[in-house]
*Asks:* 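Below you will find the structure I want to go over with you.
Note: hydrogens, waters and symmetry copies are ignored here, and every other heavy atom, side chains too, is used.
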Amino acid sequence: MARRIDIVDATQQGVREVASVCCYCGTGCGVRVEARDGAVVRVRGDERHPANHGRLCSKGLALADTVRRDGARVLSAQWRETRAESMRAIALDQALDIVASRLADTIAQHGPDALGFYLSGQLLTEDYAVFNKLARALAGTNNIDTNSRLCMSSAVSGYKRTLGADAPPACYEDLDLADTVLIAGSNMAYAHPVLFRRLEAARARRPGMKIIVADPRRTDTAAFADLHLQLAPGTDVALFHAMLNVMEQEGLLDHGYIQRHTEGFEPLMARARRYTPQAAQAICGVPAQDIVRAARWFGASGAALSLYTMGLNQSASGTDKNAALIHLHLATGQIGKPGAGPFSLTGQPNAMGGREAGGMATLLPGHRDPASAADREASAVLWGVDALPQAPGASALEMFDAALEGRIKVLWIAATNPAQSLPDQARVRAALERAEFVIVQEAYAGTETLAYADLVLPAATWPEKSGTVTNSERRISRVRAAIDPPGDAQPDWRLAQAVALRLAARMAPHKAALFAYRDESEVFAEHARTTAGRDLDYSGLDYATLHAHGPQQWPYRQGQGTARLYADGMFPTASGRARFCDVDYRPVAEAATSEYPLRLTTGRLRDHWHTLARTSLARALTQHVEEPWVSMNPEDMRRLKLEPGALVRLASRRGSVVLPVQADDSLAAGQAFLPMHWGSAYMAGLGVNALTNPAADPISRQPELKHSAVSAVPAGLPWQAAGWLQGDGAVLRARLAPWLRRFDYAVVLPVGAGGVRMRLAAPAAPPVEMLEAMADALGLLRPDVAFDDPARGQMRRVRLEQGVLHGFLLAGDLRAQDALLSWAGGGEAPASVAALLTGRIAGAVRSRAVCVCSGVSEAAILAGIARGCDLAALKATLGCGTGCGSCVPEIQALVGRAARAAVPA
Ligand SMILES: Nc1nc2c(c(=O)[nH]1)N[C@H]1C(S)=C(S)[C@@H](COP(=O)(O)OP(=O)(O)OC[C@H]3O[C@@H](n4cnc5c(=O)[nH]c(N)nc54)[C@H](O)[C@@H]3O)O[C@H]1N2
Ligand SMILES: Nc1nc2c(c(=O)[nH]1)N[C@H]1C(S)=C(S)[C@@H](COP(=O)(O)OP(=O)(O)OC[C@H]3O[C@@H](n4cnc5c(=O)[nH]c(N)nc54)[C@H](O)[C@@H]3O)O[C@H]1N2
Ligand code: SF4
Ligand SMILES: [Mo]
């Protein structure tokens, strides 16, 4: 086996190269990071990594641009003694002392359950392991949960209820081998692009392969499918039951497998028989013949694979949706063999590692259960303590509820941004206000949650951290630091360890030994031992093996990883049989009403990551979609008298936001879509999750982020302003952020052109002083070209530096905006700036970039399509889609849309 090379040419030219893993999605692509003089100079795909064989998507390719060591980062600890004060930098040691004494005092006064640890699927396994031991074995509380509660929790409970253990049974190679692929509630083209490339390649090689996509929206993933089941939100259980029913009717079930390896089939089947294709059509809105076709493709397939993510998990019936999909595999024996199986793709880079290390309130290390006395006992022994706390821990939403009710006094938040990503933001923020002491352990400056911190711990981040992650196919890879952390920043597990040692000194000096790790390899070794004899057993794995033989899939026994689980039909349940669960379709938690008639779903964009801390720093990544909008079906827009680009006020029972609306015929009538990414650090109001519903699945406790009932009305903000300023996007964003609070609609956005863009709207022109202050903020007090008419709320100002645009402000008259932004982005300068500002000449039209690698705009692609180009011709003539390939599905969808439009009705 090829030896892994950690450090290449470390001496010769001062270049250090490490093999590591991309820090974004659960695909877990291997990267090679080159660093020189403590700075990352290049990141490329690692050909030897089995997850990606050298490929990266647009986000992975831009990683080097996100590495910062300046004010864009949290460089030191910060503290404010009272909330009336502002934060001040303090020494890290002092901060750690303060944290330890706050924890100890709180435990002494109110008991350990007055603490809450809210962590993240983006931590490394070693980080979880130390935090988990700190919370449960030292502080004595099970109140430790992660943002995986918003993400993978229903997948965990779905697997456990049906297969007996939380383990995705399939592997990436199955994408090459499947005959039918059912993609349910996953927009892989955006969210797991490198796996999607693999699927594209597989289908190109094997034209008989059938792809089915179940998604309420016609996403780029759905556009690629042979069959798109455009189901109504939340109706997946009815769809899957109907497919099962059809398969039984048509003799496509594997009764031998059902008999030998499962239990509970009859009660479930009796229920599923009620879901005829017609009955399901009435619920799901999917034509009955499409349901029949999907069932036939699945049931008659040599190998059927399902890939599924948030469309199933983020639902008040998420566990049932997962179970209903897994049933299809159990009933047809499509599991435990090449090309087959129910394969839940993980969202975050180490969601899997968190599940293994017990990084959720409902889990203990080694897939153990804190509700089981035997499991608690076993974990206590492994950790070397007498006993573990028995009281059930609070899950994410419960933790914030407990803080709001005053039961949790101290919240320690690490590597997640709950003041943007949790549903029902008004409530979350009230909880953060109410909590007595909020510790935020964060790497990047300016996040929404930092505004609520009493104490900030400076965290190291990728590529400064070292440890392990587990990807979707159960493969454990080493993450390796290429550079040192900046300032006082420390790896997350080090910060947890430092507090644990201090807390032990105050509470239980004999427990200090529990945290005496010298480096992360010791943490891993201890953690790996907790998996011994468990379904996921990788107790035989250590850093040396990972170094010598590269990434490995668990279970790892006798020096061998495992590609697929359950090949022998034996399941880790009491009876050894997999279980059919008698689940039934339940509608979404919040029905549309006459007051809230639209059904809102939320999700991801191709080039943005979550709450934007990292991706907003890479100019290339802000070119695809620059600003937040809501998309609606054109019919609804006509009915509500909304013009494309108009500002609308979206409201739910919990809050409202103002955004521009965009027409999108990939949505069914009555539905709306809002990207999850922008929060109050970038826009006025509380962001997307001002609207969303905290109603949660009763078993997984995962909230229904994919559905809420909303209304949309014109925002009535006729006065608008727009500006742009050259400079560092992160620095300028911080400087301009206060403006977000003064308007009903406002955005401050780092943009692909560089610098920062600002847009504001108000019911009427603001006073002249405010306009002047705005101009001041944008460095336009002494513009080079200016046309002001303060009486009419108008201000048009441009600043140039050696003939190059440096900044502009357009208030009350935005006609020149597009041309100026296009100029800012390197486009052509106008013939006369004055003529442009006064509307005497029209400037260039702007078009967003579809292909970031080759810098090809949507307009150029549409023009190519109008000339008759197909995908291949567009690639050949424009060069789009020839780099990382992330844009290929979108180009394909644009070609497809044009073809459909050309067919006379
Ligand atoms: N570019 C990018 N990639 C990412 C991330 C990112 O932020 N940016 N985040 C990562 C993380 S943590 C995660 S969890 C994954 C998420 O990956 P995905 O789950 O693929 O992404 P989403 O866009 O959240 O949701 C997927 C789809 O669910 C559909 N959906 C909504 N309601 C329903 C329903 O009731 N039934 C069905 N069948 N479908 C429904 C939506 O229309 C949407 O297209 O992405 C990972 N990858
Ligand atoms: N409406 C809606 N809301 C959603 C979703 C949705 O689909 N719709 N999806 C949900 C899902 S699936 C997820 S996973 C969550 C994600 O939500 P979050 O976890 O809140 O999102 P991130 O922006 O990834 O937050 C990670 C934070 O950690 C910081 N950070 C980065 N690296 C490190 C590090 O090494 N150490 C430390 N300490 N900090 C670091 C980043 O700067 C960032 O502020 O959002 C959820 N919220
Ligand atoms: S698919 Fe993209 S974001 Fe996901 S791990 Fe690979 S390079 Fe990173
Ligand atoms: Mo996620």
Side-chain angles (χ1 to χ4, degrees), residues 83 98-123 127-128 130-151 153 354 357-364 370 388-425 427-442 447-457 459 492 495-496 499-500 503 507 694 696 701-703:
R83 297 235 165 120
I98 295 170
V99 173
S101 65
R102 278 310 282 247
L103 297 186
D105 293 349
T106 306
I107 294 169
Q109 267 183 39
H110 305 284
D113 289 336
L115 310 181
F117 294 79
Y118 184 52
L119 313 178
S120 167
Q122 293 167 67
L123 290 174
D127 298 325
Y128 291 117
V130 178
F131 260 115
N132 207 13
K133 200 172 175 187
L134 161 60
R136 301 194 213 238
L138 179 60
T141 180
N142 284 315
N143 288 341
I144 172 164
D145 211 52
T146 65
N147 60 3
S148 289
R149 189 66 62 185
L150 314 178
C151 183
S153 185
M360 288 218 260
T362 40
L363 300 171
L364 282 175
L388 291 181
Q390 199 177 337
S395 65
L397 296 179
E398 293 161 351
M399 205 179 277
F400 283 80
D401 283 347
L404 186 61
E405 289 155 19
R407 285 177 285 124
I408 284 183
K409 315 272 182 199
V410 175
L411 275 174
W412 186 342
I413 297 164
T416 180
N417 187 9
Q420 161 59 4
S421 55
L422 283 174
D424 195 2
Q425 275 299 308
R427 194 172 167 82
V428 168
R429 287 164 180 244
L432 287 164
E433 295 272 1
R434 174 82 202 274
E436 286 172 13
F437 196 64
V438 178
I439 304 151
V440 179
Q441 183 163 318
E442 175 54 66
T447 73
E448 285 82 357
T449 308
L450 279 170
Y452 292 88
D454 297 294
L455 188 142
V456 179
L457 291 174
D492 289 279
L495 294 169
V499 171
L503 186 61
M507 281 178 50
R701 303 189 228 168
Q702 179 161 354

*Asks:* Report, as yes or no, whether the 6.0 Å neighbourhood of atom CD on Glu405 holds more than 12 heavy atoms from other residues, nucleotides or ligands.
*Replies:* yes
*Asks:* How long is the span from the CG atom in Asn142 to the OG atom in Ser395, to the nearest 0.5 Å?
*Replies:* 12.5 Å
*Asks:* The test is salt bridge (Lys or Arg N to Asp or Glu O under 4.0 Å); show your working for Arg427 and Asp401 and say whether it passes.
*Replies:* CA-CA 8 Å; Arg427 194 172 167 82; Asp401 283 347; 2.9 Å; yes
*Asks:* Mark yes or no for whether Gln441, through its side chain, and Ile413, through its backbone, hold a donor-acceptor pair below 3.5 Å.
*Replies:* no
*Asks:* Which atom names give the shortest non-hydrogen contact between Thr106 and Arg102, and what distance separates them?
*Replies:* OG1-O, 2.6 Å
*Asks:* To the closest 0.5 Å, what do you measure between OG1 (Thr449) and CG (Leu432)?
*Replies:* 6.5 Å
*Asks:* Closest heavy-atom contact between Gly121 and Tyr128?
*Replies:* CA-OH, 3.0 Å
*Asks:* Begin with the C-alpha distance, continue with both residues' side-chain angles, and end with the deciding distance and a verdict on side chain to side chain contact (heavy atoms under 4.5 Å, CB included) for Ile98 and Phe437.
*Replies:* CA-CA 11 Å; Ile98 295 170; Phe437 196 64; 4.0 Å; yes
*Asks:* Is the shortest side-chain heavy-atom distance between Pro694 and Val428 below 4.5 Å?
*Replies:* no
*Asks:* Can you name the closest pair of heavy atoms from Met399 and Ile408 and give their distance?
*Replies:* CG-CD1, 3.6 Å
*Asks:* Roughly how far, to the nearest 0.5 Å, is CG of Leu134 from CG of Leu495?
*Replies:* 11.5 Å
*Asks:* Is the backbone N or O of Lys409 less than 3.5 Å from a side-chain atom of Glu436, with the two atoms forming a donor-acceptor pair by type?
*Replies:* no
*Asks:* For the pair Tyr452 and Leu411, evaluate side chain to side chain contact (heavy atoms under 4.5 Å, CB included) and give the outcome as yes or no after the intermediate values.
*Replies:* CA-CA 11 Å; Tyr452 292 88; Leu411 275 174; over 6 Å; no
*Asks:* Evaluate Thr416 against Tyr118 for side chain to side chain contact (heavy atoms under 4.5 Å, CB included), listing each step before the verdict.
*Replies:* CA-CA 8 Å; Thr416 180; Tyr118 184 52; 3.6 Å; yes
*Asks:* How long is the span from the CG atom in Leu123 to the OG1 atom in Thr146, to the nearest 0.5 Å?
*Replies:* 8.5 Å
*Asks:* Tell me the salt bridge (Lys or Arg N to Asp or Glu O under 4.0 Å) pairs involving residues 132-149, sequence neighbours left out?
*Replies:* Lys133-Glu526, Asp145-Arg149
*Asks:* To the nearest 0.5 angstrom, please state how far the CG atom of Asn417 sits from the CG atom of Asn147.
*Replies:* 10.0 Å
*Asks:* How close do Phe131 and Asp492 get, heavy atom to heavy atom, and via which atoms?
*Replies:* CE1-O, 4.2 Å
*Asks:* Ignoring hydrogens, what is the shortest heavy-atom contact between Asn143 and Pro392? Give both atom names and the distance.
*Replies:* OD1-O, 4.3 Å
*Asks:* Going from CG on Leu119 to CD1 on Ile144, what distance comes out if it is rounded to the nearest 0.5 angstrom?
*Replies:* 4.5 Å
*Asks:* Give me the atom names and distance for the closest heavy-atom approach of Arg83 to Glu433.
*Replies:* NH1-O, 2.6 Å
